[in-house]
Peer 1: 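Quick one: the structure is below, questions incoming.
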Protein chains: 2
Amino acid sequence: MPARTPRPGVPVRGSASGRPVMAALDLLGRRWTLRILWELHQAPAGFRELQRRCERMSSSVLSARLGELTDSRLIALHADGYRLTALGGDLVDALRPLDSWSHRWAAETDPGPSR
Amino acid sequence: MPARTPRPGVPVRGSASGRPVMAALDLLGRRWTLRILWELHQAPAGFRELQRRCERMSSSVLSARLGELTDSRLIALHADGYRLTALGGDLVDALRPLDSWSHRWAAETDPGPSR
DNA sequence: CATAGTGCTTCTAAAACAGAAGCAAGGAGA
DNA sequence: TCTCCTTGCTTCTGTTTTAGAAGCACTATG
């Protein structure tokens with residue numbers, strides 16, 4: 001049984017409280033979810049283009065994530081591909097400081113050999 | 001082979017670009033990572049308390065995440081438990097708007113039967 | 001009619017995760 | 001010293017999630 005789409009107000013994986021932020025953390029803490037939102041914020045894209053942009057992410061997972069995000073009304077499919085809804089756009093706006101943070105992180109991270 | 005800790009400047013899962021934000025999205029898009037940061041922002045906690053707060057999350061995964069976050073210098077272990085570093089605190093600050101967004105999301109989400 | 005593009009499903013194998021058990025180290029108390 | 005308890009953390013087995021190739025139904029274009 002696949003994990004169901006988290007929604008505010010009901011228990012999610014790791015929290016029975018129903019607190020909205022817990023649902024958000026469950027939803028966003030699934031592989032590719034943050035990345036998909038990020039990509040759609042750069043520009044709308046169809047299924048296959050999204051797959052290309054994320055370096056050939058698995059189609060089965062992409063399909064699952066698109067379903068969850070659509071259920072959650074963060075994205076919607078239009079004639080020109082998937083686009084963020086107003087709600088989804090707000091979420092990415094809320095995440096925008098992440099980009100500038102990541103540069104600070106990079107600046108403070110020793111770029112030596114990996115690991 | 002376990003996935004290695006993402007770091008800015010080197011390729012990560014789904015992106016060979018080395019762009020810092022891609023490393024951040026890979027790191028944060030792993031189960032429990034966002035939640036752990038969130039919890040530590042509420043208050044520092046030791047291993048077992050963290051496990052309790054996240055409703056008995058698997059100890060093996062908790063251990064892996066703590067290792068990744070420590071490697072990434074977002075958290076550090078002190079006498080009173082794990083705490084966010086300055087860098088980690090900045091990240092959670094960057095994520096703070098997520099909480100208010102989640103309330104808007106809840107307000108616009110029909111609280112009917114799940115799925 | 002062929003060709004190529006789309007969104008998306010199905011399948012098998014690999015990776016990640018869940019959860020119970022337990023280990024080594026460090027107190028606190030007797 | 002000898003329990004007793006707590007800590008961070010590992011190891012193990014079984015389940016869930018993800019990867020990746022293949023392919024289906026549909027639309028458009030030639």
Side-chain angles (χ1 to χ4, degrees), chain A residues 1-6 11-16 22 25-37 39-40 43-72 74-84 115, chain B residues 1-6 11-16 22 25-37 39-40 43-72 74-84 115:
Chain A
M1 183 175 66
R4 70 181 189 201
T5 305
V12 297
R13 297 182 302 180
S15 175
M22 292 302 166
L25 293 175
D26 184 5
L27 181 67
L28 301 178
R30 297 178 178 193
R31 201 141 161 203
W32 296 114
T33 304
L34 282 166
R35 175 68 180 272
I36 289 168
L37 291 170
E39 288 296 335
L40 290 181
F47 189 98
R48 279 168 135 99
E49 191 195 334
L50 217 36
Q51 203 176 3
R52 275 189 295 270
R53 283 204 221 156
C54 298
E55 293 179 30
R56 300 199 289 296
M57 124 184 65
S58 163
S59 58
S60 42
V61 176
L62 176 55
S63 177
R65 293 297 166 267
L66 290 174
E68 291 162 11
L69 291 171
T70 302
D71 277 359
S72 305
L74 303 188
I75 66 174
L77 179 56
H78 292 82
D80 62 339
Y82 285 94
R83 314 181 62 131
L84 294 176
R115 172 103 252 146
Chain B
M1 183 177 66
R4 72 181 187 200
T5 305
V12 296
R13 298 183 301 180
S15 175
M22 291 303 164
L25 293 176
D26 184 5
L27 181 67
L28 301 179
R30 296 178 178 193
R31 202 142 160 201
W32 295 113
T33 304
L34 282 166
R35 175 68 181 271
I36 289 168
L37 291 171
E39 290 296 336
L40 290 182
F47 189 98
R48 279 168 136 99
E49 190 195 335
L50 216 35
Q51 202 177 4
R52 275 188 294 270
R53 283 204 221 155
C54 297
E55 293 181 30
R56 300 197 291 296
M57 127 182 64
S58 162
S59 59
S60 42
V61 176
L62 176 55
S63 176
R65 293 296 166 268
L66 291 174
E68 291 161 10
L69 290 172
T70 301
D71 278 358
S72 305
L74 303 188
I75 65 174
L77 181 55
H78 292 83
D80 62 339
Y82 286 93
R83 314 181 61 134
L84 295 176
R115 200 166 243 294

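For the numbers below, each heavy atom of this structure counts, side chains included, while hydrogens, waters and symmetry mates do not. Numbered from 1 within each chain, the chains take letters A, B, ... in sequence-line order.
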Peer 1: To the nearest angstrom, how far is A:D26 atom CG from D:dT17 atom P?
Peer 2: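 Distance, rounded to whole Å: 10 Å.
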
Peer 1: Going by heavy atoms in the side chains, are B:E68 and B:R30 under 4.5 Å from each other?
Peer 2: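 Of all side-chain heavy-atom pairs linking B:R30 with B:E68, at least one is under 4.5 Å.
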
Peer 1: Under 3.5 Å, which protein N or O atoms sit close to an N or O of nucleotides 8-11 of chain D? Give each pair with its distance.
Peer 2:
| residue | atom | partner | partner atom | Å |
| --- | --- | --- | --- | --- |
| D:dG8 | OP1 | B:F47 | N | 2.8 |
| D:dG8 | OP2 | B:F47 | N | 3.0 |
| D:dG8 | OP2 | B:R48 | N | 2.9 |
| D:dG8 | N7 | B:R48 | NH1 | 2.4 |
| D:dG8 | O6 | B:R48 | NH1 | 2.9 |
| D:dC9 | OP1 | B:Y82 | OH | 3.4 |
| D:dC9 | OP2 | B:Y82 | OH | 2.1 |
| D:dT10 | OP2 | B:S63 | OG | 2.6 |
| D:dT10 | O4 | B:S59 | OG | 2.9 |

Peer 1: Would you say the side-chain atoms of A:Q51 pair up with the backbone N or O of A:R56, donor to acceptor, closer than 3.5 Å?
Peer 2: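 Not at all, since once roles are kept as given, no pair shorter than 3.5 Å links the two residues.
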
Peer 1: Once you round it to whole Å, what is the distance between P of D:dT17 and CE of A:M57?
Peer 2: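 About 18 Å, once rounded to whole Å.
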
Peer 1: Taking CD1 from B:I36 and P from C:dC17, how many angstroms apart are they, rounded to a whole number?
Peer 2: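 So the two atoms are 10 Å apart, to the nearest Å.
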
Peer 1: Is a side-chain donor or acceptor of A:R13 paired with a backbone partner of A:P6 at a separation under 3.5 angstrom?
Peer 2: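 Answer holds: no.
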
Peer 1: So, taking the atom named CZ in A:R48 and the one named CG in A:L62, what distance separates them when rounded to the nearest 0.5 Å?
Peer 2: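 It is 11.0 Å, given to the nearest 0.5 Å.
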
Peer 1: Rounding to a whole Å, what distance do you find between A:E68:CD and C:dC8:C1'?
Peer 2: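 These atoms are roughly 15 Å apart.
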
Peer 1: From CD of A:E55 over to P of D:dA19, roughly how many Å is that when rounded to an integer?
Peer 2: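 Going from CD in A:E55 over to P in D:dA19 covers 13 Å.
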
Peer 1: Run through B:R65, B:R53, B:R52 and flag the one making a salt bridge (Lys or Arg N to Asp or Glu O under 4.0 Å) with B:E39.
Peer 2: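 Option passing the salt bridge (Lys or Arg N to Asp or Glu O under 4.0 Å) with B:E39: B:R53.
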
Peer 1: Do any side-chain nitrogens or oxygens of B:R56 fall under 4.0 Å of OP1 or OP2 in C:dA20?
Peer 2: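 So the side-chain polar atoms of B:R56 never come under 4.0 Å of the phosphate oxygens OP1 or OP2 of C:dA20.
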
Peer 1: Closer than 3.5 angstrom, by distance alone: can the side chain of B:S63 be matched with the main-chain N or O of B:S59 as a donor-acceptor pair?
Peer 2: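 Not at all, since once roles are kept as given, no pair shorter than 3.5 Å links the two residues.
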
Peer 1: For B:W32 and C:dA16, is the shortest distance between a side-chain N/O and OP1 or OP2 below 4.0 Å?
Peer 2: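 No, B:W32 has no side-chain N/O under 4.0 Å of OP1/OP2 on C:dA16.
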
Peer 1: Quickly work out the B:L62 CG to C:dA20 C1' distance and round it to whole Å.
Peer 2: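 Answer to the nearest Å: 15 Å.
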
Peer 1: Nearest whole angstrom, please: distance from the P of D:dA19 to the CZ of B:R13.
Peer 2: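 The distance from CZ of B:R13 to P of D:dA19 comes to 7 Å, rounded to the nearest Å.
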
Peer 1: Give the rounded distance in Å between these two atoms: CZ of A:R30 and P of D:dT18.
Peer 2: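 After rounding, the gap between these two atoms is 8 Å.
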
